[in-house]
Every structure is written in structure tokens, then in C-alpha cells.
Amino acid sequence: MSVFMSTVNTDIIEQRASKAGRKPGRRTGEVISVSLMSQGVYQLVIRDPYIARTARPAQFVNLYSANAAMMLPRPFGIAKVEGDDVTLIYQVVGAGTEEFSGLRAGDRIDVLGPLGKPFDLDTPANYVLVGGGLGVPPLLYAAQTLSGREDETQVTSVFGYRDDRFADETVKPYASKVYSIVNAEGNVIDLLNDIEQELTASDSRNVILSCGPTPMMKAVAGWASKRGIPAQFSLESRMGCGYGACVACVVDTPQGRLKVCKDGPVFTTEQLGWDA
Amino acid sequence: MSVFMSTVNTDIIEQRASKAGRKPGRRTGEVISVSLMSQGVYQLVIRDPYIARTARPAQFVNLYSANAAMMLPRPFGIAKVEGDDVTLIYQVVGAGTEEFSGLRAGDRIDVLGPLGKPFDLDTPANYVLVGGGLGVPPLLYAAQTLSGREDETQVTSVFGYRDDRFADETVKPYASKVYSIVNAEGNVIDLLNDIEQELTASDSRNVILSCGPTPMMKAVAGWASKRGIPAQFSLESRMGCGYGACVACVVDTPQGRLKVCKDGPVFTTEQLGWDA
Amino acid sequence: MGCVNHMKEESCESLVMNGQNGQTDVLEPHEWRHKTIVAGVEWKNPVGTASGTFQLDACGDYYDVSQLGVICTKGVSPVPWEGNPAPRTAESPAGMVNAVGLQNPGVDHYLVDELPRLKKLGATVVTNVAGHSDEDYAQVVEKLADSSADMLEINVSCPNVSHGGMSVGTDPKALHRLIANLRAMTDKPMIVKLSPNVTDIVEIAHAAVDAGVDALSLINTLVGMRFDIETGKPIIANRTGGVSGPAIFPIGLGFVWRVRQALPTIPIIGIGGIDSGEKALEYLYAGANAVEVGAASLIDPTAPVRVARELDDLLDSRPDLAAKLANGQTW
Amino acid sequence: MGCVNHMKEESCESLVMNGQNGQTDVLEPHEWRHKTIVAGVEWKNPVGTASGTFQLDACGDYYDVSQLGVICTKGVSPVPWEGNPAPRTAESPAGMVNAVGLQNPGVDHYLVDELPRLKKLGATVVTNVAGHSDEDYAQVVEKLADSSADMLEINVSCPNVSHGGMSVGTDPKALHRLIANLRAMTDKPMIVKLSPNVTDIVEIAHAAVDAGVDALSLINTLVGMRFDIETGKPIIANRTGGVSGPAIFPIGLGFVWRVRQALPTIPIIGIGGIDSGEKALEYLYAGANAVEVGAASLIDPTAPVRVARELDDLLDSRPDLAAKLANGQTW
Ligand SMILES: Cc1cc2nc3c(=O)[nH]c(=O)nc-3n(C[C@H](O)[C@H](O)[C@H](O)COP(=O)(O)OP(=O)(O)OC[C@H]3O[C@@H](n4cnc5c(N)ncnc54)[C@H](O)[C@@H]3O)c2cc1C
Ligand SMILES: Cc1cc2nc3c(=O)[nH]c(=O)nc-3n(C[C@H](O)[C@H](O)[C@H](O)COP(=O)(O)OP(=O)(O)OC[C@H]3O[C@@H](n4cnc5c(N)ncnc54)[C@H](O)[C@@H]3O)c2cc1C
Ligand SMILES: Cc1cc2nc3c(=O)[nH]c(=O)nc-3n(C[C@H](O)[C@H](O)[C@H](O)COP(=O)(O)O)c2cc1C
Ligand SMILES: Cc1cc2nc3c(=O)[nH]c(=O)nc-3n(C[C@H](O)[C@H](O)[C@H](O)COP(=O)(O)O)c2cc1C
Ligand code: FES
Ligand code: FES
């Protein structure tokens with residue numbers, strides 16, 4: 001039986017890892033705040049300087065339950081970074097997310113990350129962020145990142161919600177155009193059709209970044225490929241490790257079964273064969 | 001998945017149980033305090049009105065880990081009762097006791113009890129409490145209980161410790177004579193021999209109550225039966241349930257294998273066949 | 001109750017394993033909405049106790065035994081058995097290892113004591129039958145044939161007794177012979193409780209069904225052990241024991257599902273790691289007609305009643321499944 | 001790291017299961033004090049990775065692979081295998097169920113890619129061999145015979161592939177034939193990895209040893225599954241999978257102990273639920289000469305190194321056991 005003595009050890013672990021030329025392993029971070037954003041949707045801020053320094057949009061972190069009987073990681077997209085603090089936004093769907101919703105400032109939580117391959121944001125473009133439900137968090141971080149650019153990059157957000165437009169306010173500071181739709185009104189494809197003129201009228205090249213339920217993303221892929229718009233999708237999958245060790249999280253692609261956690265979570269329309 | 005909403009539910013559960021004519025089941029109590037008594041020995045005070053009201057000396061309570069991977073009960077003798085508050089004294093020996101030592105006032109902990117058959121304290125007598133190490137807690141509660149008597153009852157404590165005489169101060173208010181010995185000086189049998197004159201000189205009948213390591217208790221049984229002093233022993237055993245459902249906790253006796261948790265933990269010299 | 005953290009939380013997540021729920025008042029009278037029928041016997045709800053984790057004198061203090069689908073009692077043998085020496089139990093991650101070794105006061109005592117008392121309290125009783133040999137089982141079943149027990153559960157799977165016991169449950173031929181013999185002795189609904197410590201559960205299940213049992217219950221415990229870190233010796237006096245508790249939950253589900261795939265119509269009682277209505281429901285999905293709660297009762301006396309209440313609620317929104325159960329239909 | 005509660009504790013208890021330890025710095029260089037010898041091969045410490053839970057491109061980012069006793073790589077097949085469809089995993093209490101189905105890029109790729117890279121990094125490598133048939137295994141072993149792999153581990157126990165795989169590991173005759181054939185093909189130290197899903201592990205172990213293997217590793221995963229509460233369908237696409245993690249720890253110990261009792265001299269690698277030095281030590285007490293860490297690596301990339309460090313410390317105060325290990329002596 002081993003005893004852990006320090007209150008927050010993220011720093012030490014990260015320093016040693018960087019000295020050894022390795023990634024820092026699982027460590028205990030500090031909870032800065034937990035707040036309700038919308039019915040069943042929480043915003044969790046964790047202090048982890050390494051993630052804050054190195055994370056790129058669409059990368060995710062593993063959170064672990066304090067209950068040793070719930071062993072597997074809970075992966076969440078990074079929604080925002082400020083200083084040493086990392087914001088995650090999640091919906092309560094099961095025992096793990098329910099546990100996390102009961103966290104308070106000062107509590108501790110085990111983390112691993114950042115994990116996965118980020119969006120490719122190299123080209124200056126009008127980035128159209130097409131998100132559905134709890135697919136929006138990585139797009140928020142993409143917006144935050146892109147908004148700091150000096151070039152002609154623009155951000156247009158196109159979010160579909162069940163009812164409450166919980167992320168519109170969050171994305172506003174980072175996006176030049178903010179569109180959203182709730183289920184009762186239609187879906188993101190309806191919205192994309194509405195703004196198609198506007199998107200294609202503009203001089204700048206459009207790039208779609210999308211995250212949400214798979215049927216939505218497939219529809220977006222079809223819509224985009226018909227119009228020759230390059231698109232990147234951030235996928236979800238049930239994970240055993242989240243860092244590439246177990247090959248549990250695969251997605252079927254024309255190139256075979258790829259790991260969502262390591263080959264992704266970001267894949268292009270072509271990689272996924274969703275242009276067919 | 002079920003959610004528990006109230007902060008401390010001991011009261012509700014107890015009220016319902018008493019209405020239904022049942023014992024209250026496992027419930028969540030509130031931690032009032034945790035304090036270090038001696039190297040590795042802690043005093044834990046829990047608020048549970050039902051235990052406080054009904055517990056008798058040598059009864060014990062089950063504590064449960066907050067970690068669902070550590071399933072089995074951790075049984076502890078009741079050391080003291082004040083108002084609604086129940087004091088337990090325990091040594092850190094493994095993962096469960098280590099977890100409990102990290103509790104703080106206001107934390108919550110699952111409890112069941114009081115459990116087991118108490119000491120028989122019916123006869124007015126000079127009760128000689130012979131304890132070894134972490135066997136003293138139930139004797140402290142016996143002392144507390146007996147000290148309130150109006151009759152000629154007396155309390156003599158005879159405690160053996162490894163080094164620190166951590167419970168002498170606690171028993172003092174309740175005992176007319178307080179003896180103790182540490183390993184380097186000898187053992188409780190040495191002490192009993194020293195005070196034998198005094199014990200047998202007195203007019204009043206002596207009754208030994210003992211709790212501690214089995215070899216110690218067997219020696220005490222031998223010592224007492226040679227002198228015709230009735231003795232009761234509070235035993236320990238690895239438990240599966242602590243309330244009589246699994247038959248895991250047996251002790252071999254001339255009457256067969258008896259449950260320590262329900263037939264005991266208190267047994268007489270004769271029941272145990274330790275007078276042979 | 002059963003907060004995952006020792007925290008001052010107003011709302012906190014229930015334990016995945018322990019699953020206590022302060023809201024379910026297991027002591028309030030309850031009108032059961034979803035019964036099941038197992039081999040012709042009506043259970044007022046699909047949840048019973050698992051053998052060896054219920055003793056009337058202990059559990060009866062905490063809840064009304066007539067609230068459960070059935071009370072399955074500790075294995076009874078022809079004569080009193082003293083079981084294994086202590087220690088008999090050790091903890092394991094989300095589980096426990098036990099080697100009680102079927103300590104029990106024998107069938108004669110059972111017939112005059114626990115059984116009539118349980119019946120008087122209104123319980124539907126499944127009597128678990130233990131033996132070291134075919135003759136042992138026969139002697140017990142003979143005495144139970146005219147008793148008030150509602151069902152018999154023949155335990156051919158206890159890993160903690162030295163002769164017979166487990167080997168009968170792992171050898172299809174021996175099992176067929178045993179069951180055919182017992183079947184001829186009584187018309188009482190007869191369940192065989194199977195061991196998971198086998199290569200091919202389907203072969204064993206077929207042997208039992210071919211010999212005429214009315215239902216199967218599975219699983220019993222898996223062989224396991226723990227060592228003392230200081231001494232290097234096994235913790236349990238018997239050295240090995242049986243592993244039970246949440247740890248074995250996915251394993252129990254796998255056994256029930258495989259038997260259900262192979263034997264579409266035999267009633268099955270699912271056992272292993274159940275400590276919540278949701279876990280019970282997974283067994284029903286796997287193909288069980290009912291369940292028994294074991295180790296969870298040991299760490300929370302009212303667990304089986306709580307599981308039954310939670311399952312009753314879950315079945316409200318699953319009318320097809322509830323209807324199948326109520327018809328005693330298997331699928 | 002790995003506090004049991006989300007609390008503001010200065011000192012808090014490490015997770016029974018996760019067992020992380022912020023104090024063991026797995027990245028500092030370490031002089032190993034307690035080696036072991038398995039079938040003539042020296043391991044610098046008794047801890048390796050378990051097959052299927054190590055990928056160089058993932059785990060190598062977190063620690064120096066030469067620090068471990070061995071690196072046991074994912075099962076390799078004669079040609080690339082695509083494995084099972086997703087979802088491939090589900091959680092269970094203190095455990096997980098997986099049905100990866102041995103997805104791997106094939107032995108040819110392994111020989112030019114992962115194996116030489118691991119050797120270059122200084123790792124002692126155990127190559128886990130998968131197959132659907134005797135021919136499959138033979139093709140892989142033939143290609144590995146002249147490779148730089150230090151040991152071969154023949155996996156006859158994976159429950160997640162449709163042909164061969166598990167059945168070979170549950171049939172002593174088939175196993176004897178397979179191993180005798182492979183044995184003739186190479187002098188490389190050969191381990192057989194056994195399945196716990198059998199009635200009589202000792203019979204299987206004897207068959208493998210009689211056919212000439214140098215060591216046994218056990219256990220592989222136990223068959224299990226989970227259901228989705230909403231849909232009522234199995235969570236894993238393959239429906240059943242293999243259960244691993246702390247939940248199976250006492251079960252793995254029981255298997256190792258029983259085989260050790262029956263076969264006093266065969267080297268044994270203990271596997272199943274190990275996530276701390278203490279759990280590794282229990283396997284050594286049960287009779288193992290070394291251990292492999294599986295699921296624990298998935299939830300904490302540096303787990304195997306941490307386990308090795310903790311075990312190195314524990315062995316300091318157990319000189320007799322340490323001496324036996326260092327002599328490759330079994331008992
Ligand atoms: C790369 C990635 C990024 C994600 N980002 C977000 C995010 O930003 N916000 C958000 O709300 N959710 C996100 N999710 C989904 C989130 O991981 C799950 O909702 C969460 O793990 C559920 O945990 P639980 O214990 O509450 O549910 P349970 O159902 O109790 O979990 C049981 C097991 O299933 C797994 N699981 C359950 N649902 C999912 C799912 N949808 N995807 C993957 N695994 C699942 C859990 O991780 C756990 O191992 C993401 C998933 C992935 C793979
Ligand atoms: C009736 C009774 C009263 C007790 N009263 C006290 C007391 O007042 N003060 C005190 O310090 N200790 C007391 N003990 C012993 C105490 O229960 C154990 O020290 C404690 O359970 C150890 O838990 P752990 O998780 O720290 O140890 P671990 O070794 O990690 O526990 C693993 C398992 O073994 C069991 N176990 C370990 N040691 C013992 C033991 N000595 N007796 C019974 N089970 C054990 C645990 O309950 C648990 O199930 C009592 C035991 C019994 C049976
Ligand atoms: C302490 C204990 C005693 C048991 N005794 C018996 C028994 O007498 N007869 C029997 O058929 N099963 C016995 N079992 C097995 C249980 O009935 C059940 O099959 C097993 O524990 C798995 O269920 P669980 O995980 O809910 O405990 C016993 C189990 C435990 C834990
Ligand atoms: C995701 C996963 C993949 C596995 N793949 C293999 C494999 O390819 N070959 C093999 O012999 N065992 C495989 N195993 C079994 C492990 O090597 C190990 O025997 C088992 O998981 C028990 O150990 P654990 O409890 O430490 O995980 C796999 C296990 C897991 C969890
Ligand atoms: S989750 Fe393990 S490889 Fe992706
Ligand atoms: S511990 Fe279960 S009967 Fe005593």
C-alpha cells in the first residue's frame with residue numbers, strides 16, 4: 001500500500017517527465033470549479049499546467065473516477081484553456097459523469113493528457129465549426145485558438161442543440177458569425193443550407209471542423225464533399241486506454257480499423273470514406 | 001443508478017426502521033472528528049443517534065470504505081458514547097483503516113450497527129478490565145457504562161501496551177484503579193500477578209472482561225479459571241458481514257463453531273473451553 | 001447512502017458496487033407491480049436471496065422476508081456440517097473470497113426450525129441442497145419432498161467442500177445421474193445451481209435439463225484465493241475459496257447468456273455480483289427469468305429488497321420484458 | 001496520485017485498484033536489485049507487460065521500455081488481422097471486458113518494425129503468438145525462430161477469436177499436438193499462455209509441459225459481457241469478451257497456485273489484476289516466478305514500471321524469496 005503525500009502533484013510529474021523526455025503519466029489535478037451550464041451539462045475547470053501549455057483543439061483528456069470500481073477512463077474534449085486551467089464541458093450520462101458533477105473547488109481528480117491528434121488548423125481559412133450537442137466542446141477550443149490568429153482566419157459557428165443553446169455565449173467572443181438551431185427548428189444541415197450562399201460568396205477558403213453524433217457528422221461530410229469543402233471530424237468511441245495501448249477504440253475506414261484515440265479523434269472526410 | 005439526496009440520513013433510516021419494528025440497515029453517518037491518539041492509533045467520532053442510544057459494551061459497528069473496490073466491513077468496538085456521538089479507536093493496519101484516518105469533520109461514512117452480543121454486566125462486582133493493545137476500546141466503553149452504576153460496582157483496568165499508554169487517560173475518569181504495563185516491562189499476566197492480593201483481598205466478587213490478542217486472552221482465561229474468577233472475552237475474527245448472515249467469522253468452541261459476530265463477540269471462559 | 005466520497009455533498013453519486021440508495025425505503029409496504037414465474041412458481045418480484053448469504057435470524061431483523069421474490073436458504077446437508085476452519089473469508093477488489101464450507105445444522109433442524117418459520121412469515125422458500133455424494137443429496141431431497149419448501153435448488157457447484165460438491169457440477173455424466181435420481185424422488189420444482197468453473201457450461205446445462213430439472217441457477221462462485229502479504233501464506237484456512245461480489249458480475253452475465261442461447265426455454269435464475277436494480281436488469285436482458293442477490297446482502301442487509309424495488313421501477317418502462325416475466329415465458 | 005476521495009487531503013490512501021503512487025518516480029533511473037530467471041532468460045526484474053496492453057508507439061512515450069523485466073507484445077498472426085468491430089470494450093466493477101479480437105499488422109510487419117525497435121531500445125522481448133489454426137501458429141513461430149525475440153508466448157487462450165484460439169487452450173490433446181509441433185521448430189524459450197475458462201487447469205498445464213514448453217503464463221481473460229441498460233443489447237459488438245483487471249486478481253492467484261501445487265518445477269508467469277507491488281508479490285507467493293501487468297497499464301501508462309519499483313522494494317525485506325527468484329528456482 002502506497003501513500004501519496006503532496007496536495008497537487010501535476011507540477012512534479014510534469015517536470016520529471018520533461019526531464020526524462022517523456023510524456024507525463026496519470027496524475028492528480030486540482031478542481032478549480034464545477035458549474036452547471038444547462039440542464040445536466042456541467043463545466044469543469046481543472047488546473048494542469050502541462051495540458052494547458054500543450055493542448056491543441058480536438059485533443060482530449062482522460063478523467064478517472066475516484067471510485068476504484070470504475071476503472072476505465074472518461075475522455076472529454078478540451079473546451080478552453082486559460083493560464084494553467086483547462087475547461088471541460090460534459091453532460092451527465094452515467095455514473096462517472098455524475099460523480100464528476102459532484103466535485104467542488106479544491107477537490108482532486110486524476111487526469112491523463114492531452115491525448116489524440118488535433119484538428120489541422122494550418123491553413124488560414126474561414127473555419128466553419130459544425131457541432132451537435134456535446135460535440136461542441138472541442139469546437140469551442142478551436143474557436144478560442146483560431147481567434148488569436150493574425151492572418152485572415154475567420155470563425156463561423158454552426159451549432160445544433162436539443163433545446164438550450166448553452167454554448168452560444170461561450171463561442172461568441174471567438175467567432176465572427178454565430179449560428180445555432182434547436183431540434184424543434186431543424187438540424188445543422190438546415191442551418192448550413194441557410195448560410196450556404198454566405199459561405200461560398202466569401203473569397204476565403206472554407207474548412208469545416210465538425211463534432212457531434214455520427215449521423216450528423218456523416219450528413220455534414222456529405223454536404224461538404226458535394227460542395228468541395230474540406231472537412232475534419234472529431235470522433236467518439238468507447239475507449240479502454242485513450243492513449244493507444246489497447247486498440248479498443250477503432251473506427252472502420254477505407255484504410256482499415258484505425259484508433260480513434262491515437263490516429264484520431266480527428267479524421268478527414270476522405271480518411272473516413274464519408275465522401276462516397 | 002440511484003442518487004442519494006440528503007446530507008445525513010441516519011435519523012430517517014432509524015425512524016423508519018423503528019416504525020417497521022426492524023433494525024436500521026446500512027446508512028451514512030457524519031464524521032464529527034478524527035484525531036491521532038498515539039503513533040498510528042486514531043480516535044474517530046461519528047454521529048449516529050441509534051448506535052448512541054442502543055449500544056452496549058463490546059458491541060461493535062461496521063464501517064465501510066468509500067472505495068467500492070473495498071467491499072467488506074471493517075468492524076470496530078465501541079469505545080465511548082456521548083450524546084448522539086459514538087467514539088471508535090483504531091489502529092491503521094491496512095487500506096481501510098488508512099482511508100478512515102484521512103477523514104475529516106463533516107465527511108460522511110457508511111455504518112451498520114450496533115452489532116453483536118455485549119458483555120454481561122448484570123452482577124454488581126469489581127470488574128477487572130484486562131486489555132491488550134487495540135483490544136482496549138470495548139473495555140473503555142465498559143468502564144464508562146459501569147462507572148454510572150449506583151451499586152457497589154468497581155472498575156479496575158489492567159492494560160498492556162506496546163509502548164505508548166494511550167488509553168490510560170481515557171479510562172481514568174471511569175476506573176477506581178488504573179494499572180498498565182508496556183511490552184518492555186512485561187505483560188498483563190505479570191500485572192495481574194502483581195495485583196492478585198489486592199483483587200482477592202477485597203470482599204466484592206471479581207469479574208474479568210478481556211479483549212486483546214488471542215494468546216493474551218487465553219493466558220488471562222487460564223489465570224482467571226485457576227483462581228475461580230469468571231471471565232468474559234471479546235473476540236475478533238475476519239468477517240464477511242458482521243451481522244450473522246454468512247457464517248464466515250466462526251470460532252471453534254466445545255459447542256461447535258460459533259459466529260463471533262452474532263453469538264459473540266463476547267464468550268465466557270467456559271463457552272470457549274479455555275478453562276481446560 | 002453510499003456516497004462515493006466522504007464528502008459534504010448534498011447530491012452524491014451512489015456507489016457503483018454498493019449501490020445503496022437512501023431514497024428507496026425498503027421498509028415501507030410496497031405493492032409489487034412486476035412478478036415472475038419460474039418453473040411454475042410465482043415470485044412476487046424477480047429478486048431472491050442467494051444461498052449462503054441469508055440467515056433468518058440475521059436478515060429477518062432488517063426486513064420483511066415476505067417482500068422478496070424468494071428466500072433461498074443456506075445449503076442443507078443430511079446431517080449437521082461444521083464447515084471449514086476460520087479464517088473463512090478475504091476481501092478482493094470489488095469482491096470477496098469465502099470458504100465457509102457449507103456449515104449448517106442439517107436438514108432435520110432445518111425442517112423444524114428455519115423452514116416453518118420462514119413459511120409462517122409468508123416467504124416463498126427455495127431450499128438449497130448440499131451433499132458430498134449422491135446419497136447425501138438423496139437423503140436431503142427425500143426429507144424435503146413433503147416439506148413446505150416451494151422449490152429445491154440443488155447445489156452441485158460449491159468449490160469449498162472436499163468431496164462431491166464441485167466435481168458433480170463439472171461432470172455432465174455424473175450430474176445427469178444425480179439429477180435423474182433426485183428427479184424421481186419428488187415433484188417439487190427443482191433447480192440445479194451450476195458452477196462457472198467449467199470449460200463448457202452448455203454441455204453441463206444440457207445434462208441437467210435432460211435429466212429433468214425445471215430450472216437452472218447460475219453462477220456459483222469462481223475458485224480464487226488471497227495471500228497474506230506478511231506471512232506469504234493463504235489468508236483463508238482452506239487456502240482456496242469462492243469469489244463472489246460485483247467483480248464477477250460480467251462473468252455471471254456471460255454464463256447466463258451462453259446458456260440462454262443454447263437452451264431457449266429453460267427457466268434461468270441469474271446470480272453473480274448483483275447489487276442494484278440495473279445489474280438485475282442486465283441479467284434479465286441476458287436471458288434470466290429471475291435473479292438472486294448474494295454478497296451484496298452481506299455488506300448491506302437490506303440490499304435484496306432495495307434491488308427488488310429498483311427493478312420494479314425499471315420494469316415499469318419496459319413493458320415487453322415485464323410481460324414476458326409475468327408469463328413465465330423465456331426467450 | 002490516486003486518492004480514494006476527491007478530497008483536500010494532505011495524505012490520502014492510494015486506490016486499492018489503481019494503486020498510483022506519486023512517490024515512486026518511475027522516470028528516475030533505477031538500479032534493479034531483484035532479478036528473476038524464467039526458463040533460462042534473465043529478466044532484470046520480475047515484472048513485464050501483458051500482451052495486448054502494450055504498444056511501443058503509445059507506452060514508449062511514457063517510460064523507458066528497457067526498465068521492465070520484459071515487454072510482451074500484442075499477439076502476432078501470420079497475416080494482418082483486422083480484429084472485431086467496435087465497440088470493443090465495456091467497463092465492469094473493478095474490471096473491464098474487451099473483445100479486440102487480436103487486431104495486429106501481422107508477423108512480417110512485426111519483424112521489421114516493432115521487434116527491432118524494441119530491441120534497439122534495450123528491451124527484453126516476449127513475442128506473443130496468435131493463430132486460428134495449427135498452421136497459423138506454425139507460420140508465425142517459423143518466422144520468429146531466427147528473430148531477436150527473447151521468448152515466445154503462445155496464446156492458446158484468447159476468447160475473442162472465432163476459430164482455434166480458445167478451443168486449443170481448453171483441449172489437452174489439441175494443445176499437446178500444437179505445442180509438440182511448435183517445439184520442434186525452435187529452441188527459443190517457449191511459454192504457453194493458458195485460459196482460465198477450463199474445468200481442470202492442471203490437466204491442461206500437464207499437456208503443455210509434456211509437449212515441451214519451458215514455462216506457463218496464466219491467466220488470460222475470463223469470458224464475460226455487459227448489456228446496455230437502455231437498448232437491452234450487449235455493449236460489445238462481439239457480444240462476449242474477456243474480463244480483466246483487479247476483479248480477476250483472486251481468480252488468477254487461484255490458478256497459479258493450483259498449477260504450482262501440481263507442477264513444482266515449471267516456471268510460471270502470473271497474470272491477472274496486478275496493479276501494485278503487493279499484488280505482484282501475492283503472485284510470487286502463489287508460486288509465480290514473474291508477473292505481467294495488463295489492464296492496469298491501460299488506466300495508468302506507467303503502471304508496470306511502478307509495480308516493478310514497488311516489488312523491488314518489497315523484495316528487499318524478503319531475502320529468501322528474492323534469492324529463489326534470482327536463481328530461477330521454482331518451489
Ligand atoms: C474523444 C472523446 C471526447 C469526448 N468529449 C466529450 C465532451 O467534451 N463532453 C461530453 O459530455 N462527452 C464527451 N465524450 C463522451 C464521454 O466520454 C462519455 O459521455 C463519458 O465517458 C461517460 O461516462 P459515464 O461514466 O458518465 O457513463 P457510463 O455509461 O457509466 O460509462 C461507462 C463506460 O462507457 C464509456 N462511455 C459511455 N459513453 C461513452 C461515449 N459516448 N463515448 C465514449 N465512451 C463512453 C465510459 O467512458 C465508461 O468507460 C467524449 C468521448 C470521447 C471518446
Ligand atoms: C468485533 C471486532 C472488533 C474490532 N475492534 C477493533 C477496534 O476497536 N480497534 C481496532 O483498531 N481494530 C478493531 N478490530 C480489528 C479491525 O476490524 C481491523 O483492524 C480492520 O478491519 C482492518 O481493516 P484494514 O482495511 O485497515 O485492513 P486490511 O488488512 O486491508 O483489511 C482487509 C480485510 O481483512 C479484514 N481484517 C484485517 N484485519 C482484521 C482483524 N484484525 N480482525 C478482523 N478483520 C480484519 C478487514 O476487515 C477487511 O475485510 C476489530 C475486529 C473485530 C472483528
Ligand atoms: C458466504 C457465502 C456463502 C455461500 N454459500 C452457498 C451455499 O450454501 N450454497 C450455494 O449454492 N451457494 C452459496 N454461495 C454462493 C452464492 O449463493 C452465489 O451463487 C455467489 O455468491 C455469487 O453471487 P454474488 O456475487 O451475488 O454473491 C455462497 C456465497 C457466499 C458469499
Ligand atoms: C485490451 C486487451 C487486449 C489483450 N490482448 C491479448 C493478446 O493479444 N494476447 C494475449 O495473450 N492476451 C491478451 N490480453 C490478455 C492480457 O494479456 C492478460 O492476460 C489479461 O488481461 C489479464 O491480466 P490483467 O488483469 O492484468 O489485464 C489482452 C487483454 C486486454 C485487456
Ligand atoms: S482506447 Fe486504447 S487504443 Fe484507443
Ligand atoms: S461475519 Fe457473517 S456471520 Fe459473522
Side-chain angles (χ1 to χ4, degrees), chain A residues 1-7 9 12-13 16-17 19-28 30-31 62 64 66-73 94-96 99-100 102-104 106-110 112 237-252 256-257 259-262, chain D residues 1-28 52-55 57-59 61-64 74 80 82-83 85-91 93-96 98 100 103 235 245-246 276 278 295 297-302 310:
Chain A
M1 202 180 36
S2 53
V3 180
F4 166 64
M5 299 303 291
S6 104
T7 308
N9 66 355
I12 309 157
I13 292 209
R16 286 173 174 166
K19 207 183 94 196
R22 308 278 167 193
K23 291 184 187 167
R26 176 168 162 169
R27 56 204 180 269
T28 306
E30 190 188 338
V31 173
N62 279 351
Y64 302 89
N67 183 335
M70 298 203 295
M71 175 170 109
L72 293 186
E99 176 187 331
F100 303 147
L103 290 169
R104 303 221 169 156
D107 288 344
R108 296 144 46 96
I109 184 163
D110 276 14
L112 180 72
S237 153
R238 284 200 176 244
M239 293 185 172
C241 67
Y243 72 95
C246 73
V247 207
C249 59
V250 291
V251 57
D252 286 336
R257 291 188 163 136
K259 295 177 192 172
V260 170
C261 75
K262 189 139 172 109
Chain D
M1 178 164 39
C3 174
V4 84
N5 302 321
H6 294 301
M7 289 190 308
K8 302 172 220 178
E9 288 303 328
E10 266 137 63
S11 150
C12 87
E13 196 255 319
S14 69
L15 293 184
V16 165
M17 181 189 64
N18 297 346
Q20 291 80 11
N21 181 351
Q23 294 188 304
T24 305
D25 185 355
V26 296
L27 296 172
E28 296 292 328
T53 61
F54 177 90
Q55 297 263 328
D57 287 325
C59 307
D61 292 351
Y62 292 92
Y63 59 86
D64 172 0
K74 175 84 193 160
E82 64 167 4
R88 291 177 169 183
T89 186
E91 193 173 58
M96 62 182 284
N98 94 80
V100 168
Q103 175 171 349
I235 290 178
S276 70
E278 293 198 348
S297 296
L298 303 184
I299 57 166
D300 178 4
T302 59
E310 290 171 1

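Order of the sequence lines sets the chain letters (A, B, ...), proteins ahead of strands, with each chain counted from 1. Heavy-atom basis, side chains included; hydrogens, waters and symmetry copies ignored.
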| field | Heavy-atom pair with the smallest gap, counting every atom of D:Leu27 and A:Arg22 | value | CD2-CG, 3.7 Å
| said: Can you confirm whether A:Tyr243 sits close enough to D:Ser297 that some side-chain heavy atom of one is under 4.5 Å from a side-chain heavy atom of the other? | reply: yes
| task | Could you tell me the separation between the CE atom of A:Met71 and the CG atom of D:Leu298, rounded to the nearest 0.5 Å? | result | 6.5 Å
| When A:Leu72, A:Asn62, A:Val251 are compared by non-hydrogen pairs under 4.5 Å with chain D, the top option | A:Leu72
| task | Heavy-atom distances under 4.5 Å only: say whether A:Ala20 touches chain D with side chain, backbone, both or neither. | result | side chain
| task | Output the distance between atom SG (A:Cys241) and atom CE (D:Met96), rounded to the nearest 0.5 Å. | result | 8.5 Å
| said: Any salt bridge linking D:Asp300 with A:Arg27? Criterion: basic side-chain nitrogen under 4.0 Å from a carboxylate oxygen. | reply: no
| message | Only pairs of heavy atoms separated by less than 4.5 Å count here; which of D:Gly245, D:Gly83, D:Pro301 has the most with chain A? | response | D:Pro301
| field | SB check D:Glu28 A:Lys19 (cutoff 4.0 Å) | value | yes
| request: Of all the heavy-atom pairs spanning D:Asp57 and A:Lys262, show the shortest one and how long it is. | output: O-NZ, 3.2 Å
| request: Examine whether an atom of D:Tyr62 lies under 4.5 Å from a heavy atom of chain A, and if so say whether it belongs to the side chain, the backbone or both; otherwise answer neither. | output: both
| query | Taking C-beta and beyond as the side chain, do D:Gln103 and A:Lys259 meet within less than 4.5 Å on heavy atoms? | reply | no
| said: For D:Pro80, which atoms come within 4.5 Å of any heavy atom of chain A: side chain, backbone, both, or neither? | reply: neither
| query | Does the side chain of A:Pro73 come within less than 4.5 Å of D:Ile299's, by heavy atoms? | reply | yes
| task | Please state whether the side chain, the backbone, both or neither of A:Leu112 comes within less than 4.5 Å of a heavy atom of chain D. | result | side chain
| query | Just how far is it from atom SG of D:Cys59 to atom NZ of A:Lys23, taken to the nearest 0.5 Å? | reply | 10.5 Å
| field | CA sep, side-chain torsions, deciding dist, call: D:Arg88, A:Arg257, side chain to side chain contact (heavy atoms under 4.5 Å, CB included) | value | CA-CA 12 Å; D:Arg88 291 177 169 183; A:Arg257 291 188 163 136; 3.4 Å; yes
